[in-house]
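First the structure, in the form of structure tokens, and then the observations on it.
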Amino acid sequence: MEGQRVLLDRIEQVCRKAVENVFGISPTRVTLDFPDQFGDLALNAFHLAKDLRKAPPAIAQALAEELEKDALIERATPVKGYVNLVLHRPALAEGALSPALRAGDSFGFRERTDPSQRIMVEFSSPNTNKPQHLGHVRTNCLGDSVARLLEATGTDVIRANLVNDRGIHICKSMLAYQREGQGMTPESVGKKGDHFVGDFYVLFETRFREEWKRYRDEHPEQSEISRDEFAKISEWMAGARDVLRRWEEGDEEVLALWKLMNGWVMEGFEETYRTLGIRFDRIYLESETYQLGKEIVSEGLRKGVFHRRDDGAVEIDLSDVKLDRKVVLRSDGTSVYITQDIGTTVMKTEEYGLDGQIFVVGNEQIYHFNVLFEILKRLGYEWAANCRHLAYGMVNLPEGKMKSREGTVVDADNLIEEVSRLAHKEILSRQPDVDEKAAEERALNIALAALKFMILSVSPKTTMLYDPKASVSFEGDTGPYVLYAFARIQRMLEDSGLGPDDVEFDPAVLTDESEIRLMLKLVEFPRVVEKAAADLNPSLISSWLLACARAYHSHNRAVPILKADDPAVRKARLMLSRATATALSQGLKLLGIKTVDRM
RNA sequence: GCGCCCAUAGCUCAGCCGGAUAGAGCAACGGAUUUCUAAUCCGUAGGUCCCAGGUUCGAGUCCUGGUGGGCGUACCA
């Protein structure tokens, strides 16, 4: 990335120098905005006022004159507390295009810094009793994109997935399978493994409800019995608990079935991840980590971080930081959720020598992670300060919340398939004679672009509404809109007869308003990447992509490119297109979206 | 009860460390196609930024108090 921000850096230097020349003070903060109107860039004099102790309009006035002396600045106009800058046109063109043309697929990205920070990003964390739904799609997309953003800014990233493969939920699927599915396999019924197992989870739920209803019918005096109350006396629930007990005792038959069914589910998950284009460096299984943490708690008990209550349970009092009291070891000595997370977090850090960890987990666990990080801090782990919970909001449906028990969840695999089908239809309507295999691959790409972009264009913490109608629309603020801009450029470059290394152009001819606006977008890109990575917020990339694609589409309509009369103009516009394609592709890459050469 | 989060156009969402006249898409309406791909472009209309105070030269943004909604507050995960 070094050298890529030359233009912006140089302008900042020019501003800094101007302040020094006029006021004799080196400013602490030079703020340059991309204002979309008034000019190319705007220097904020309000911020300078703090250092200079003068009225912003007076500062702007004085600086404007000084700034215009520099060759980079065509015009500097003081307006209220701003200096609106119009850049020297050829310098803007050179500064906007050359970095992208030269750097190609490293444009906007930084080499790994040395010594590099090594950060683990944990995301997805599915349960192995049912297939993944839209909520998982959000953590999958977010986690992957955040990992890419960190990598792009020079961090060494480990992608981890902590799979919850044990517990009562899997036992429910197992029991239903034992009772009603013996001999069946995913192959025998032609189903993906995770869906196959999920069906037995649903079957358990169905049987349980039938039993509950029967009970209420047979015991009118108990007709108001709650689900939780009935669970205590349910035969099906007792069966599931028995399976769990036998699992914990190491019962071979139960373990064998557990391994078999988990294997099916994991195969299904792998397929889903492959389709989504998501990979992990490390998969942790909770069955292998759930015992961790006890020794750390014992040691913490000795050190006085925790204390033992009269009833034997071990707890920590965090009420001084408003986190209340938290039990970390039951009175029978077994661990709770937080215990294994303490152990797992320490283990991960030691395994990879991590400088920090990011947990991409839903916002309903904010309290849990606050407690976890506070405990780690009190245990003396310095890296605890570099642990962050990226708490994303839930995904709701127009009808309300998704509830797996009520079958109102949006299944990830089905969703991808459905959107792919629509994309496929769109492709066929445009190119009836398209090669079938190419069409399918492209349809999947476009579908994933639509889906990922939709999810990643709302900021992580926002509780978002999933609108099925909007999700299958490929117009407006969508992934396909951005893809289309890229594809258009590819087609044009193909038709242009230019070689890939032919990057010479005359920067003086790019003077159209639509070109200026587009070039300013290109200049802004590296800065947006930095910001998005620092904020762990991919939606900043989506916003930029939309603005850039929009600027390109406008430019494309406003002036002829391939058909420009003047060869020098034609060439320069093609180079602008190529630079734009590079930038769009880089931005899309950060969202985990692959480009297509035609739509 | 206590804690955290949210409230911006009819709908879905942006809004940078407090800075210029609060933006985009969808939906509505009007236009652009002898094409370089119309999955596009141009335009019109649409706002009490939940309410009331406060801080500030300046508040959608920060503070306090309300109202409404979500989540959490297990010896569940």
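Predicted, not measured: the structure shown is a model, and the values here were computed from it. Naming: A, B, ... by sequence-line order, numbering from 1 per chain.
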Report summary line: The correct set of residues in residues 161-169 of chain A placing a heavy atom under 4.0 Å from RNA chain B is A/Asn164
Query - P gap between B/C11 and B/A28, integer Å - result: 16 Å
Report task. Determine the Euclidean distance between corresponding P atoms of B/A77 and B/U67; express it in Å to zero decimal places. Result -> 36 Å
Query raised in the report: When you compare B/G70 with B/G54, how far apart are their P atoms, in angstrom units rounded to a whole number?
Result: 32 Å
Query raised in the report: To the nearest 0.5 Å, what is the distance between NE2 (A/His307) and CD (A/Glu315)?
Result: 3.5 Å
Report task. Sequence neighbours left out, what passes side-chain contact (heavy atoms from CB on, under 4.5 Å) with A/Arg29? Give chain and number order. Result -> A/Thr31, A/His47
Query - P spacing across the pair B/C29 / B/G72, given as an integer number of angstrom - result: 43 Å
Requested in this report: Measure the distance between the ring centre of A/Phe38 and the centre of the six-membered base ring of B/A20, then answer whether it is under 5.5 Å with planes under 30°.
Outcome: yes
Report task. Check RNA chain B against residues 542-555 of chain A and give the residues with a non-hydrogen atom under 4.0 Å, in numerical order. Result -> A/Ser543, A/Arg550, A/His553, A/Ser554
Query - Residues in side chain to side chain donor-acceptor pair (under 3.5 Å) contact with A/Asp495, at least two apart in sequence or another chain - result: none
Query raised in the report: Could one point to a donor on the side chain of A/Arg29 or the base of B/C17 with an acceptor on the other under 3.5 Å away?
Result: yes
Query raised in the report: Quick check: does any side chain N or O of A/Thr408 sit under 3.5 Å from a backbone N or O of A/Lys403, one acting as donor and the other as acceptor?
Result: yes
Report task. Select base, sugar-phosphate, or nothing to describe what A/Ser539 touches, counting heavy atoms under 4.0 Å on all strands. Result -> nothing
Query raised in the report: Rounded to the nearest 0.5 Å, what separation is found between the NE2 atom of A/His424 and the CG atom of A/Leu428?
Result: 5.0 Å
Requested in this report: Rounded to whole angstrom, note down the P distance from B/C4 over to B/C41.
Outcome: 44 Å
Report task. Respond yes when some side-chain nitrogen or oxygen of A/Lys401 is under 4.0 Å from OP1 or OP2 of B/G70, and no when none is. Result -> no
Query - Short side-chain N/O contact to B/C57 OP1/OP2 from A/Lys80, under 4.0 Å - result: no
**Report entry** Distance-only donor-acceptor test (3.5 Å): side chain A/Ser331, base B/C75
**Finding:** yes
Report task. Report the residues that fulfil ring-ring contact (aromatic ring centres under 6.0 Å, His included) with A/Phe204, sequence neighbours left out, ordered by chain and then residue number. Result -> A/Trp236
Query raised in the report: Under 4.0 Å between a Lys/Arg side-chain N and an Asp/Glu carboxylate O for A/Arg442 and A/Asp435?
Result: no
Requested in this report: Return the 5'-most residue of the pair A/Asp467, A/Phe474 with respect to RNA chain B, ranking by each residue's nearest nucleotide.
Outcome: A/Asp467
Query raised in the report: Across the strands shown, which category fits A/Leu323 at heavy-atom distances under 4.0 angstrom: base, sugar-phosphate, nothing?
Result: nothing
Query raised in the report: Which is true for A/Tyr481 with a 4.0 Å heavy-atom rule: it touches a base, it touches only sugar-phosphate, or it touches nothing?
Result: sugar-phosphate
Requested in this report: Please work out if A/Val361 contacts a base, only the sugar-phosphate, or nothing of the nucleic acid, heavy-atom cut-off 4.0 Å.
Outcome: nothing
Report task. Using a heavy-atom cut-off of under 4.0 Å over every strand shown, decide if A/Leu465 touches base, sugar-phosphate, or nothing. Result -> sugar-phosphate
Report summary line: In RNA chain B, consecutive runs of at least three Watson-Crick or G-U pairs below 3.5 Å, as range with range, amount to B:1-7 with B:67-73, B:10-13 with B:23-26, B:28-32 with B:40-44, B:50-54 with B:62-66
**Report entry** Identified side-chain contact (heavy atoms from CB on, under 4.5 Å) partner of A/Arg598 from the options A/Arg430, A/Gln490, A/Gln431
**Finding:** A/Gln431
Query raised in the report: Just by distance, do the side chain of A/Arg325 and the backbone of A/Ile316 share a donor-acceptor pair under 3.5 Å?
Result: no
Requested in this report: Just call it for A/Glu286: base, sugar-phosphate, or nothing, with non-hydrogen atoms closer than 4.0 Å on any strand.
Outcome: sugar-phosphate
**Report entry** Sugar-phosphate, base or nothing in reach of A/Phe46, heavy atoms under 4.0 Å
**Finding:** base
Report task. May I ask you to say what A/Lys469 touches in the nucleic acid, namely base, sugar-phosphate or nothing, with a heavy-atom cut-off under 4.0 Å? Result -> nothing
Report task. For B/A20 versus B/C5, give the span between their C1' atoms, rounded off to a whole number of Å. Result -> 31 Å
Requested in this report: Would you mind classifying the nucleic acid contact of A/Thr462 as base, sugar-phosphate or nothing, using non-hydrogen atoms under 4.0 angstrom?
Outcome: sugar-phosphate
Query - Of A/Lys322 and A/Arg488, the one whose closest RNA chain B nucleotide lies more 5' - result: A/Lys322
Query raised in the report: Ignoring hydrogens and angles, are the base of B/A20 and the side chain of A/Asn84 linked by a donor-acceptor pair under 3.5 Å?
Result: yes
Query raised in the report: From B/A39, B/A77, B/C71, pick the nucleotide closest to the side chain of A/Gln365?
Result: B/A77
Query raised in the report: Roughly how far, to the nearest 0.5 Å, is the OG1 atom of A/Thr478 from the CG atom of A/Leu545?
Result: 11.5 Å
Report task. Decide if the gap between the ring center of A/His389 and the ring center of A/Phe373 is smaller than 6.0 angstrom. Result -> no
Query raised in the report: With sugar-phosphate meaning primed atoms plus P, OP1 and OP2, does A/Ile338 contact a base, only sugar-phosphate, or nothing at under 4.0 Å between heavy atoms?
Result: nothing
Query raised in the report: Is there a donor-acceptor pair closer than 3.5 Å between any side-chain N or O of A/Glu286 and the backbone N or O of A/Asn127?
Result: no
Query raised in the report: Which heavy atom of A/Tyr201 sits nearest a heavy atom of A/Ser173, and at what distance?
Result: CB-OG, 3.2 Å
